[in-house]
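Here the structure is laid out as structure tokens; the discussion comes afterwards.
In what follows, every chain begins at residue 1, and chains take the letters A, B, ... in the order their sequences are listed. Please read these numbers as outputs of a predicted model, since none were measured by experiment.
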Protein chains: 2
Amino acid sequence: MKKKRTKPKAEIIPDSKNKINIWLVEDNISYRKTLTGLINRSPGLYCPQAFATCEETILMLQTEPFPNVILLDIGLPGMSGIEGIEKFKEITPNTHVLILTVYDDNDKVFNAICAGASGYLLKDSSPEKIVSSIEEVLAGGAPMNMQIARKVLKMFSRFTPKKKDYGLTEREKEILQFLLTGLTKQQIAEKLFISFHTVNTHLKNIYNKLHVNTRSGAISKVFRENII
Amino acid sequence: MKKKRTKPKAEIIPDSKNKINIWLVEDNISYRKTLTGLINRSPGLYCPQAFATCEETILMLQTEPFPNVILLDIGLPGMSGIEGIEKFKEITPNTHVLILTVYDDNDKVFNAICAGASGYLLKDSSPEKIVSSIEEVLAGGAPMNMQIARKVLKMFSRFTPKKKDYGLTEREKEILQFLLTGLTKQQIAEKLFISFHTVNTHLKNIYNKLHVNTRSGAISKVFRENII
DNA sequence: CACAAAATACCACGTTCGTGCGATTGTTAA
DNA sequence: TTAACAATCGCACGAACGTGGTATTTTGTG
């Protein structure tokens, strides 16, 4: 629920008409001013709000119209930027959150993206890069510094479906699927229109192939090793 | 094991000294020629080999020195580009594979990256973008078209640890961990130096909290929803 | 302190599981 | 035509599970 309201401000703020509305969350005062200036000097961009903490930002989201983009630092006093993303996204899911930080460790990058960040920039980015990234975000992109992009791809490939092959047949995989849902042998038999005994046999074979001897072991193996 | 060998060729090939060695895998003849030309006209780049299939490429990898970058199409006759990536990476893990294709569906992108692609370009990319992307790959980046980058981030956020809270206590989580390994109630009891009956009680409570009534259901829920 | 929540413990009963056998049919590759 | 494999079906039995109770002790918080 956006509330449109003209708010008197001491500073000179650019005309908001047809401009991209950008909020800034950055605790370093001088960098914040630099960025605000940079954005407001860019045609088409408009930065009416700048905060030092996520908490303040969240408060303002209660009363002000939602921004198109939030430019967010991660190393903030109080609530971290990562937590901030989640909160922002709960309040206004359509607002893009663009991370601008000094941190480039896997953990921060991973968590930020999982939390819903639309892009991830490092603070050594040039002013031009920052401005173009804001535009890119709105054009449906996901701007990242190249080292970040590489990290992201590497993280991704760690999710590789390794798919060790235990030589399961199609029927066995099918039955395994039903195991995962917590069905009993009898229930599986009914689902597949076969005898209880047949399911029993399949289960025996599955256990043999997976080198387990309980449902629990089988199910855990399926999830941990991305079988099926 | 790289074998350096000067190979007589009918075509005029640029000097390989200090140039980035790029191989091209693309089944469309005219596009292949266009790209080869583009690369060889770029200072610092050098494309001595171009193939129509992964199979040919793999053969050549047996005898020729490994390239720095392989520019790879996905929609190929015979072995698909996705499979190709895996094979290439097995043979020469340090060679970067840069995808250049028309396909932008989640599945292809996901699989390509999981297989180890260093970048993902669409065929509507400008020649300049292609050349700069090759350079970016070698500079440690991961060039992607902006729509691809967005897709990648979105896929990532699907891995979000949602962590629904079912109000499990620490002890209950502990017992849940042992469930995953396939232990019986008695075995869990021994591990924790408590009575079999206590484990039984905990299990009852866990099932209640997770709204399941079998070990299988509990285990599946744990994996699917990232509990614990 | 008081009260709630968590952890502990016990029992009984019917259900389901895992595993030891054996067996028939159909398909597929050698 | 064999041989191998997959899928089907059957039985029996001890072990483990899930669920209904009840009850005591420990821990933590207002």
Side-chain angles (χ1 to χ4, degrees), chain A residues 161-228, chain B residues 55 78-79 83 161-228:
Chain A
K162 315 160 206 180
K163 299 233 179 189
K164 269 193 200 172
D165 188 12
Y166 288 95
L168 294 174
T169 68
E170 283 311 305
R171 196 55 156 176
E172 286 162 355
K173 289 180 188 174
E174 200 174 355
I175 285 175
L176 214 32
Q177 291 287 14
F178 286 116
L179 257 206
L180 301 188
T181 69
L183 298 185
T184 67
K185 292 174 185 175
Q186 187 54 55
Q187 289 169 323
I188 296 174
E190 282 161 16
K191 286 256 182 193
L192 296 176
F193 305 107
I194 56 178
S195 153
F196 159 84
H197 302 291
T198 307
V199 176
N200 200 26
T201 305
H202 281 309
L203 241 16
K204 276 187 269 190
N205 295 332
I206 291 172
Y207 292 167
N208 270 327
K209 290 182 180 177
L210 297 186
H211 312 302
V212 297
N213 56 0
T214 60
R215 299 163 106 71
S216 311
I219 296 175
S220 292
K221 202 146 195 171
V222 166
F223 279 106
R224 283 199 235 267
E225 305 189 13
N226 262 304
I227 301 167
I228 301 184
Chain B
E55 287 84 347
M79 186 187 300
E83 295 170 81
K162 316 160 205 184
K163 299 234 179 191
K164 270 192 196 170
D165 188 12
Y166 288 95
L168 294 173
T169 69
E170 283 311 306
R171 196 55 156 176
E172 285 162 353
K173 288 179 188 175
E174 201 174 355
I175 286 174
L176 214 33
Q177 291 286 14
F178 285 116
L179 257 207
L180 301 188
T181 70
L183 297 186
T184 66
K185 293 174 184 175
Q186 187 54 55
Q187 288 170 324
I188 297 174
E190 282 161 15
K191 286 256 182 192
L192 296 175
F193 305 106
I194 56 180
S195 152
F196 159 85
H197 303 290
T198 307
V199 176
N200 201 26
T201 305
H202 281 309
L203 240 16
K204 277 189 271 192
N205 295 332
I206 291 171
Y207 292 167
N208 271 326
K209 290 183 180 178
L210 297 186
H211 313 302
V212 297
N213 55 1
T214 60
R215 299 163 106 72
S216 310
I219 295 175
S220 292
K221 201 147 195 168
V222 166
F223 279 106
R224 283 201 236 266
E225 306 189 13
N226 263 304
I227 301 166
I228 299 183

Review point. Hey, where on DNA chain C does chain A first and last touch, going 5' to 3'? Cut-off is any atom under 4.0 Å from a heavy atom.
Key: dT16(C) to dC21(C)
**Study point:** Distance, nearest 0.5 Å, that separates OG1 of T169(A) from CD1 of I206(A)
**Key:** 7.5 Å
Practice item. Return no unless some side-chain N or O of R171(A) is found under 4.0 Å from OP1 or OP2 of dT8(D). Key: yes
Point to revise | Taking every non-hydrogen atom, the tightest pair across G182(B) and S216(A) | key: CA-CB, 3.7 Å
**Study point:** Strand contacts (DNA chain D) in residues 196-210 of chain B, 4.0 angstrom heavy-atom criterion
**Key:** N200(B), K204(B), Y207(B)
Check your understanding: CD of Q187(B) to OG1 of T214(A): how many Å apart, nearest 0.5 Å?
Key -> 9.0 Å
Point to revise | With sequence neighbours excluded, residues passing salt bridge (charged side-chain N to carboxylate O under 4.0 Å, His left out) with K209(A) | key: E172(A)
Review point. Taking the six-membered ring for Trp, are F223(A) and F223(B) parallel (under 30°), tilted (30 to 60°) or perpendicular (over 60°)?
Key: parallel
**Study point:** Point-to-point distance, once rounded to the nearest 0.5 Å, from CD1 of I175(B) to CG of L180(B)
**Key:** 12.0 Å
Review point. Measuring from E225(B):CD to L210(B):CG, what's the distance to the nearest 0.5 Å?
Key: 8.5 Å
Check your understanding: What are the two closest heavy atoms between S220(A) and I219(B), and how far apart are they?
Key -> OG-CG2, 3.9 Å
Exercise for review: Would you mind telling me which of I194(A), N200(A), T201(A) makes a side chain to side chain contact (heavy atoms under 4.5 Å, CB included) with T198(A)?
Suggested key: I194(A)
Check your understanding: Does F196(A) offer a backbone N or O that forms a donor-acceptor pair with the side chain of Q186(A) under 3.5 Å?
Key -> no
Please list, for nucleotides 28-30 of chain D, all pairs of protein and nucleotide N/O atoms separated by less than 3.5 Å.
none

Check your understanding: Roughly how far apart are Q177(A) CD and L183(A) CG, rounded to 0.5 Å?
Key -> 11.5 Å
Check your understanding: Is there a residue in residues 182-194 of chain B whose heavy atoms reach under 4.0 Å of DNA chain D, and which residues are they?
Key -> T184(B), K185(B)
**Study point:** K221(B) side chain to V212(B) backbone, donor-acceptor under 3.5 Å
**Key:** no
Check your understanding: Where do R215(B) and T184(B) come nearest, in terms of heavy atoms and distance?
Key -> NH2-CA, 3.8 Å
Point to revise | E174(B) to L192(B) - nearest heavy-atom pair and separation | key: OE2-CD2, 3.5 Å
Check your understanding: Taking five pairs at each end, how big is the angle between the two axes of the helix from dC1(C)-dG30(D) to dA30(C)-dT1(D), to 10°?
Key -> 60°
